[in-house]
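All values derive from a computational prediction rather than experimental measurement.
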Amino acid sequence: MRPATAFKSWAHRVLPRPVVNGVWNLASDVKDLPARLKSPGAPRPWRIWHNVGGGDFHLIGQQYFDWFRISTNLKPDAHVLDMGCGAGRLAFPLATYLDANGVYTGFDLSERALGFARRHTRGEARFNFVRADVQSREYGGAGLKAGGYQFPAEAESIDAALAISLFSHLLPEDAAAYLREAGRVLKPGGRLCLTGFLIEPGMVLTDAVLPLSPYREGAWVADSREPERAIGYERAVFERWLREAGLRMAAPVEAGHWSDTVRRGEFQDRIIVEKPAL
């Protein structure tokens, strides 16, 4: 085992989760300094403060936006729901795409991240950033259980939704509830693009980039003590949740490299689901 990998394994076993997150967030900020210095005028959140994902904030946001736009056949006048929007990684490219008839609604439990998005997102469309007061051991939320949260959108009002690196941190009952909410708010024919970890039959994950082990209710986790750190779902269970939510798979899953033994391409699986048209 490489020294860096061994240190990560030790840190996850021994240190409290907030400390581990703080260390990795700080390391990510240091790694991103060249991109920040190269484009000093572009607003970039600090991961240590806003708890956003690593990597180039705007580049990754644009890449996910391109996938989202093509996968949903997104129109400039669409109403978009961004589930777990963070500091607005996807809101930035959407601000230049949506027109005056478009609407963006994003929700997240981090008021710091939402504050950054509110300050820096500008566009013709109407942008709403809503704080979700829900529980999360991974991100520090202390409100109601996530499974009881109602999305800030009317029934069948959303043309397209996205959830980037959200379902990979949701307990099984919460993931199922969020899919039901997605089924409630999507218009017939509307699509949800999400990323996560799908456990296919016969997968052996002992030596995977992200080793996962069985947990409960069709869920597999990286750490049974802190299941929300990284959690995946058996495909049969996930598809059952989709059926119960009135949703279905809309395209083949684009497998990420998390389940491989080497790093290449996207980390998480890319999944597109839809609410069937009437």
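Ring geometry for Phe57 against Phe116 counts as perpendicular: the plane angle is over 60°, on a 0 to 90° scale with 30° as the lower cut. Under the 30°/60° scheme for interplanar angles, the aromatic rings of Phe107 and Tyr178 are found to stand perpendicular.
Remark: Arg69 pairs with no residue by the salt bridge (Lys or Arg N to Asp or Glu O under 4.0 Å) rule, at least two apart or across chains. Listed by chain and residue number, Leu210, Leu212, Arg229, Ala230 satisfy the side chain to side chain contact (heavy atoms under 4.5 Å, CB included) test with Ala222 (two or more places apart in sequence, or in another chain). Scored by the side chain to side chain contact (heavy atoms under 4.5 Å, CB included) test, Ala117 finds Thr121, Phe129 as partners (sequence neighbours excluded). The side chain to side chain contact (heavy atoms under 4.5 Å, CB included) search around Ser259 returns Met203, Leu205, not counting sequence neighbours. Residues passing the ring-ring contact (aromatic ring centres under 6.0 Å, His included) test with Phe65 are Tyr97, sequence neighbours excluded. Residues passing the ring-ring contact (aromatic ring centres under 6.0 Å, His included) test with Trp241 are Tyr233, sequence neighbours excluded. By the side chain to side chain contact (heavy atoms under 4.5 Å, CB included) test, Val103 is found to be paired with His79, Thr105, Arg126, Asn128, residues two or more places apart in sequence or in another chain being considered.
Remark: side-chain polar atoms of Asp77 are not paired, donor with acceptor, to backbone N or O of Gly102 under 3.5 angstrom. Looking only at distances, a side-chain donor or acceptor of Thr195 sits under 3.5 Å from a matching main-chain atom of Ser165.
Pairs of residues two or more places apart, or lying in two chains, that qualify as ring-ring contact (aromatic ring centres under 6.0 Å, His included) and include a residue from residues 183-210 are Phe197-Trp258, Phe197-Phe267. Listed by first and then second residue, the salt bridge (charged side-chain N to carboxylate O under 4.0 Å, His left out) pairs involving residues 148-162 are Glu156-Lys275, Asp159-Lys187 (not counting sequence neighbours). Legend: salt bridge (charged side-chain N to carboxylate O under 4.0 Å, His left out) pairs involving residues 93-105, not counting sequence neighbours: none detected. For the salt bridge (charged side-chain N to carboxylate O under 4.0 Å, His left out) condition, the pairs that include at least one residue of residues 206-216, sequence neighbours left out, are Glu173-Arg216.
Screening Val273, Ile158, Thr72, Ile271 against Leu192 for a side-chain contact (heavy atoms from CB on, under 4.5 Å) leaves a single residue, Val273.
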Donor-acceptor contacts, no H, no angles, side chain residues 243-252, under 3.5 Å, sequence neighbours left out:
from, atom 1, to, atom 2, distance (Å)
Arg248, NE, Glu274, OE2, 2.9
Arg248, NH2, Glu274, OE2, 3.0

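Taking every heavy atom of both residues into account, Leu81 and Val185 meet most closely at CD2-CG2, 4.0 Å.
There is a path of hydrophobic side-chain contacts, each under 4.5 Å, that joins Phe238 to Tyr215.
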